[in-house]
K.L.:
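What follows is a single structure, and I will ask about it in a moment.
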Amino acid sequence: MAEARSTLLEQDIQKKREETRKRFVIEYAQDSSDSYDARDMDRLWKDDVLVDSYLECSHFVMENTLKMISDSLQWRKEFKLNDINESSVQKGLLDSGMIYLHGYDKEGNKLFWFRVRLHVKDLKMLTEKKRYVAFWLESHVRREPGTPLTVIFDMSEVGLGSIDMEFIKYIINCFHVYYPKLLAKMLMYEMPWIMNAAWKMVKAMLSQEVVDTLVFVSKSEIQDHVEREHLLPSMGGTDPFKFSYPPFPDDFQNPISETGQEDDAETGEDDLETKDTLEQNPLALKPRKVCFAEDWDKDCTSTWKASRRPSDAFKGTLLHISPAEELRFGLGDGEKRCLISLSNVTRNRVAFKVRTTAPEKYRVKPSNSSCGPGTGGTITVSLYGGSLCCPQDRFLIMAAEMDLSSDGGSADLAQFWKGVPKPKIMMHRLRCRMRENLNLALSPVTDRSYRMESIGRQDVHATLFQLMASSSRLEENMDRCLRWQKVLTVLVTVLTALSFSTIYTGEWPL
C-alpha cells in the first residue's frame with residue numbers, strides 16, 4: 001500500500017479522491033440511495049482519510065475501490081452501525097467473553113481477542129454474532145480512531161462444536177473490506193490439526209494481501225509478538241485479566257497537565273504548582289528546558305542536535321517520536337525521569353498533547369503544546385515523589401496539524417483540540433518499564449527514612465517479579481502434568497479393556 005501511495009503525488013491523490021466521490025455518486029448512490037446511510041455518505045464526502053484507506057486497500061484501482069465502498073456502506077446500514085450500542089447486542093454474547101479488547105502487542109497495537117473455545121456454532125445465531133463483532137470494532141474505531149488492531153484467534157482447547165470457519169472468514173473480511181487499514185496482523189494461536197483442511201479452503205478464498213497478515217504461533221512463539229504482561233497465564237504470560245462486562249473503561253480518558261492533574265489546558269498556574277512541587281520534594285527532578293520554534297536558543301539547539309535523529313524512533317505521519325516503544329525508569333535520582341524527543345516532519349505547525357493511564361504518578365512538561373514545521377522539542381516525563389512505574393502504565397501522544405497562521409498559544413490549542421476531527425489525529429503509545437539492572441545504591445538524600453522506605457519498595461518490586469516468574473513456571477509444569485495425565489488415562493483405559501477381554505475370552509488379543 002505504501003509503495004502504491006509513494007508513486008502518486010499529493011495532487012494526484014487529491015484528484016483520485018474527487019474522482020472516487022463523483023463516480024460513486026453517479027454509478028452507485030443515484031440509483032440505490034436507500035442502500036446507504038446518509039451519515040456515512042456525508043462522512044465519505046468530507047473525510048479524506050477514509051477515502052484514502054479504500055484507495056490504498058484496492059491499490060488505487062477505481063472499480064475495486066467503488067465496489068469496496070459500496071459493500072462497506074451497505075454493511076454499515078444493514079447492522080445500523082451509526083446507532084449501534086450495547087442494547088443492540090444480545091446480553092448473553094456480551095457476557096460470554098468470546099470477543100473483547102484488552103492489552104497491546106509489542107508494536108503498541110490494541111489486542112482484539114477471539115476465544116474460539118467459547119464459541120458454539122449455531123446458524124440461527126450467526127447474524128447476531130456478526131452484529132456482536134461489528135459492535136466491538138465500531139466501538140474501538142470511535143474510541144481510538146486510526147489505532148490498528150492485532151487479532152488473536154485463541155484456538156487452544158478447541159472442540160469440534162466450536163469450529164466455525166464461516167464466522168472466522170467473516171471476521172477476517174471485516175478488516176479487509178469494512179475497516180481497511182485497521183488490521184495490523186492476525187495471530188492464529190495453537191490451531192489444531194483437525195482444522196487444517198477447513199483452513200485450506202478458507203485460505204483459497206482470501207486475497208494474498210490478507211493471507212500475508214496471518215501468523216500461526218504456538219505457546220513458545222507468541223511472545224515474539226506480545227509481551228508476557230499482556231498474555232494470559234495459559235499462554236505463558238502474567239496478565240491475571242478475566243473478562244467481565246461492562247469491560248474496563250478506555251485506558252486513556254483524560255490528559256495530564258504538568259502538575260499531574262487531569263486537564264486539557266496549560267496555564268501559568270500549572271507552572272507555579274509544578275515549581276512548588278519540585279522544591280518541596282528533594283527527589284523530584286527539575287525538567288529540562290523545552291525547545292520549540294518560538295523560543296529556540298543556543299541551549300536548546302545543543303540538546304536537540306543530540307536527539308534529532310534517534311536510532312530508536314517511531315516514524316509517524318506528523319511526528320517522529322523517540323523512544324519508539326517504551327520509557328525505562330529506575331530508582332536512582334537520574335533514572336526517575338525520561339525524555340521523549342519529537343520531530344515535526346510536516347510543513348505545518350503540529351499540536352500535540354500527552355495522556356496517561358496513571359496521572360497521579362507522573363509529571364509531564366509540556367503536556368499540551370506545539371512545534372513549528374521542521375522543528376521539534378523534548379517532553380520530560382518524571383515519576384512523582386516515591387512512585388514506581390509498572391508495566392501496565394501507558395502514555396498516549398496525540399498530534400494533529402494546525403494552520404500556519406496559528407501561533408500555537410494556549411488559547412489557540414484549547415480551541416484547536418475542540419474542533420479537530422478524530423481521523424486527523426495521529427496517536428502513538430508508549431509503555432513503561434523498570435530498568436532490569438536496578439541500582440540498589442540510592443544517592444544520598446536529606447531524609448534517611450525516605451531512603452530506607454524507597455529501598456523497601458524496591459525489594460517488594462523485585463519480589464513481585466520473582467513471584468510472577470515462579471507462577472509462570474508453575475503454570476508450565478501444571479500444563480505438562482495435565483498432558484501426561486491425559487496420556488496415562490488413555491493407556492490405563494486401553495489396558496483395562498484388554499484385561500476384561502482376556503478374562504472373558506481366555507485369550508490375550510493380538
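Note: hydrogens, waters and symmetry copies are ignored here, and every other heavy atom, side chains too, is used.
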K.L.:
Using ring centroids (six-membered ring only for Trp), state whether Phe79 and Tyr178 fall under 6.0 Å.
P.N.:
no
K.L.:
Could you give me the CA-CA distance, side-chain angles and deciding distance for Lys110 and His140, then say whether side-chain contact (heavy atoms from CB on, under 4.5 Å) is met?
P.N.:
CA-CA 9 Å; Lys110 192 82 171 181; His140 171 73; 3.9 Å; yes
K.L.:
Please report the closest heavy-atom contact between Ala399 and Leu318, naming both atoms and the distance.
P.N.:
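Closest approach of Ala399 to Leu318: O-CD1, 3.6 Å.
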K.L.:
Decide yes or no for Lys129 and Leu93: does some side-chain heavy atom of the first lie under 4.5 Å from some side-chain heavy atom of the second?
P.N.:
yes
K.L.:
Quick one: does Ser387's side chain have a donor or acceptor within less than 3.5 Å of a partner on Leu383's backbone?
P.N.:
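No; judged by distance alone, with no hydrogens or angles, the pair does not exist.
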K.L.:
How long is the straight-line distance from CD of Glu63 back to OG of Ser58, given to the nearest 0.5 Å?
P.N.:
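If I round to the nearest 0.5 Å, the distance is 9.5 Å.
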K.L.:
Would you say that Arg115 contacts Tyr100 through its side chain, given a criterion of any heavy-atom pair below 4.5 Å between the two side chains?
P.N.:
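They are in contact (side-chain heavy atoms under 4.5 Å apart), so the answer is yes.
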K.L.:
Between Val364 and Thr356, does the side-chain contact (heavy atoms from CB on, under 4.5 Å) criterion hold? Intermediate values first, please.
P.N.:
CA-CA 10 Å; Val364 176; Thr356 184; over 6 Å; no
K.L.:
State whether the number of non-hydrogen atoms from other residues, nucleotides or ligands found under 6.0 Å of Glu166 atom CD is greater than 12.
P.N.:
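It does not: Glu166 CD has 12 such atoms or fewer within range.
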K.L.:
If you take all heavy atoms of Asp95 and Lys91, which pair is closest and at what distance?
P.N.:
OD2-NZ, 2.6 Å
K.L.:
Between Phe395 and Arg355, is there a side-chain heavy-atom distance shorter than 4.5 Å?
P.N.:
no
K.L.:
Any non-hydrogen side-chain atom of Ile340 less than 4.5 Å from a side-chain atom of Val381?
P.N.:
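Side-chain contact under 4.5 Å: yes.
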K.L.:
So, the side chain of Arg17 versus the backbone of Asp52: is there a donor-acceptor pair under 3.5 Å, distance only?
P.N.:
no
K.L.:
Please indicate whether Lys185 has more than 12 foreign heavy atoms, meaning atoms of other residues, nucleotides or ligands, lying under 6.0 Å from its NZ.
P.N.:
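Buried by this count: over 12 neighbours within 6.0 Å.
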K.L.:
Are side-chain heavy atoms of Leu137 and Val141 found at a separation under 4.5 Å?
P.N.:
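No, too far: nothing below the 4.5 Å cut-off.
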K.L.:
To the nearest 0.5 Å, what is the distance between NZ (Lys361) and OG (Ser382)?
P.N.:
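These two atoms lie 14.0 Å from each other.
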K.L.:
What I want to find out is whether Arg328 reaches Glu326 closely enough, with some N-O distance under 4.0 Å, to be called a salt bridge.
P.N.:
yes
K.L.:
Contact between Met68 and Cys57 at the side-chain level, heavy atoms closer than 4.5 Å - yes or no?
P.N.:
yes
K.L.:
Check step by step if side-chain contact (heavy atoms from CB on, under 4.5 Å) holds for Leu214 and Met188.
P.N.:
CA-CA 7 Å; Leu214 304 175; Met188 316 297 284; 4.3 Å; yes
K.L.:
Closest heavy-atom contact between Pro323 and Leu339?
P.N.:
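So the two residues come closest at CD-O, 3.6 Å.
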K.L.:
How long is the gap from CH2 on Trp136 to CZ on Phe112, to the nearest 0.5 Å?
P.N.:
8.5 Å
K.L.:
Atom CZ in Arg117, atom CE in Met155: separation rounded to 0.5 Å?
P.N.:
14.0 Å
K.L.:
How long is the straight-line distance from NZ of Lys181 back to OH of Tyr54, given to the nearest 0.5 Å?
P.N.:
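Taking OH in Tyr54 and NZ in Lys181, the distance rounds to 12.5 Å.
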K.L.:
Taking the six-membered ring for Trp, is the centroid-to-centroid distance between Phe175 and Tyr170 below 6.0 Å?
P.N.:
no
K.L.:
Walk me through it: do Asp83 and Arg39 pass the test salt bridge (charged side-chain N to carboxylate O under 4.0 Å, His left out)?
P.N.:
CA-CA 11 Å; Asp83 303 305; Arg39 289 167 290 184; 2.8 Å; yes
K.L.:
So Arg142 and Lys422, do their side chains get closer than 4.5 Å, heavy atoms only?
P.N.:
no
K.L.:
Please evaluate residues Phe24 and Tyr36 with respect to the criterion ring-ring contact (aromatic ring centres under 6.0 Å, His included), reporting the C-alpha separation (whole Å), side-chain torsions for both, the decisive distance (0.1 Å), and the verdict.
P.N.:
CA-CA 12 Å; Phe24 185 78; Tyr36 314 119; 5.3 Å; yes
K.L.:
Assert yes or no for the condition that the ring centre distance of Tyr189 to Phe114 is strictly below 6.0 Å.
P.N.:
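No, the ring of Tyr189 stays outside the 6.0 Å limit from the ring of Phe114, centre to centre.
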K.L.:
Is the distance between the ring centroids of Phe167 and His119 less than 6.0 Å?
P.N.:
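Ring centres of His119 and Phe167 closer than 6.0 Å.
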K.L.:
Take Phe352 and Trp417, measure what ring-ring contact (aromatic ring centres under 6.0 Å, His included) needs, and give me the verdict at the end.
P.N.:
CA-CA 9 Å; Phe352 64 87; Trp417 285 113; 8.9 Å; no
K.L.:
Which atom names give the shortest non-hydrogen contact between Met98 and Tyr132, and what distance separates them?
P.N.:
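Smallest interatomic distance, heavy atoms only, reads CE-CE2, 3.4 Å.
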K.L.:
Does a donor on one side chain sit under 3.5 Å from an acceptor on the other, for Lys106 and His230?
P.N.:
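No donor-acceptor contact under 3.5 Å links the two side chains.
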K.L.:
At what distance, to the nearest 0.5 angstrom, does OG of Ser72 lie from CG of Asp40?
P.N.:
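One finds 7.5 Å between OG of Ser72 and CG of Asp40.
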K.L.:
I'd like to know if Arg76 and Asp71 make a salt bridge, using a cut-off of under 4.0 Å between side-chain N and carboxylate O.
P.N.:
no
K.L.:
Examine distances only and state if a side-chain atom of Glu221 and a backbone atom of Ser218 form a donor-acceptor pair shorter than 3.5 Å.
P.N.:
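The answer is yes, because a donor-acceptor pair under 3.5 Å joins these two groups.
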K.L.:
Do other residues, nucleotides or ligands put more than 12 heavy atoms under 6.0 Å from Leu488 CG?
P.N.:
yes
K.L.:
For the residue pair Asp239 and His102, confirm or rule out a side-chain donor-acceptor distance under 3.5 Å.
P.N.:
yes
K.L.:
How far apart are the C-alpha atoms of Met427 and Leu396, what are their side-chain angles, what is the distance that settles it, and do they pass the side-chain contact (heavy atoms from CB on, under 4.5 Å) test?
P.N.:
CA-CA 7 Å; Met427 288 190 268; Leu396 174 68; 3.8 Å; yes
K.L.:
Where the side chain of Ser369 meets the backbone of Pro366, is there a donor-acceptor pair that is under 3.5 Å apart?
P.N.:
no
K.L.:
Ignoring hydrogens, what is the shortest heavy-atom contact between Ser162 and Val116? Give both atom names and the distance.
P.N.:
CB-O, 3.3 Å
K.L.:
Identify the heavy atoms of Lys77 and Asp37 that sit nearest to each other, and give their distance.
P.N.:
CD-N, 3.8 Å
K.L.:
Is there a side-chain contact between Ile172 and His176, using heavy atoms and a 4.5 Å cut-off?
P.N.:
no
K.L.:
With respect to Arg431, which candidate in Glu227, Glu229, Glu107 satisfies the salt bridge (charged side-chain N to carboxylate O under 4.0 Å, His left out) definition?
P.N.:
Glu227
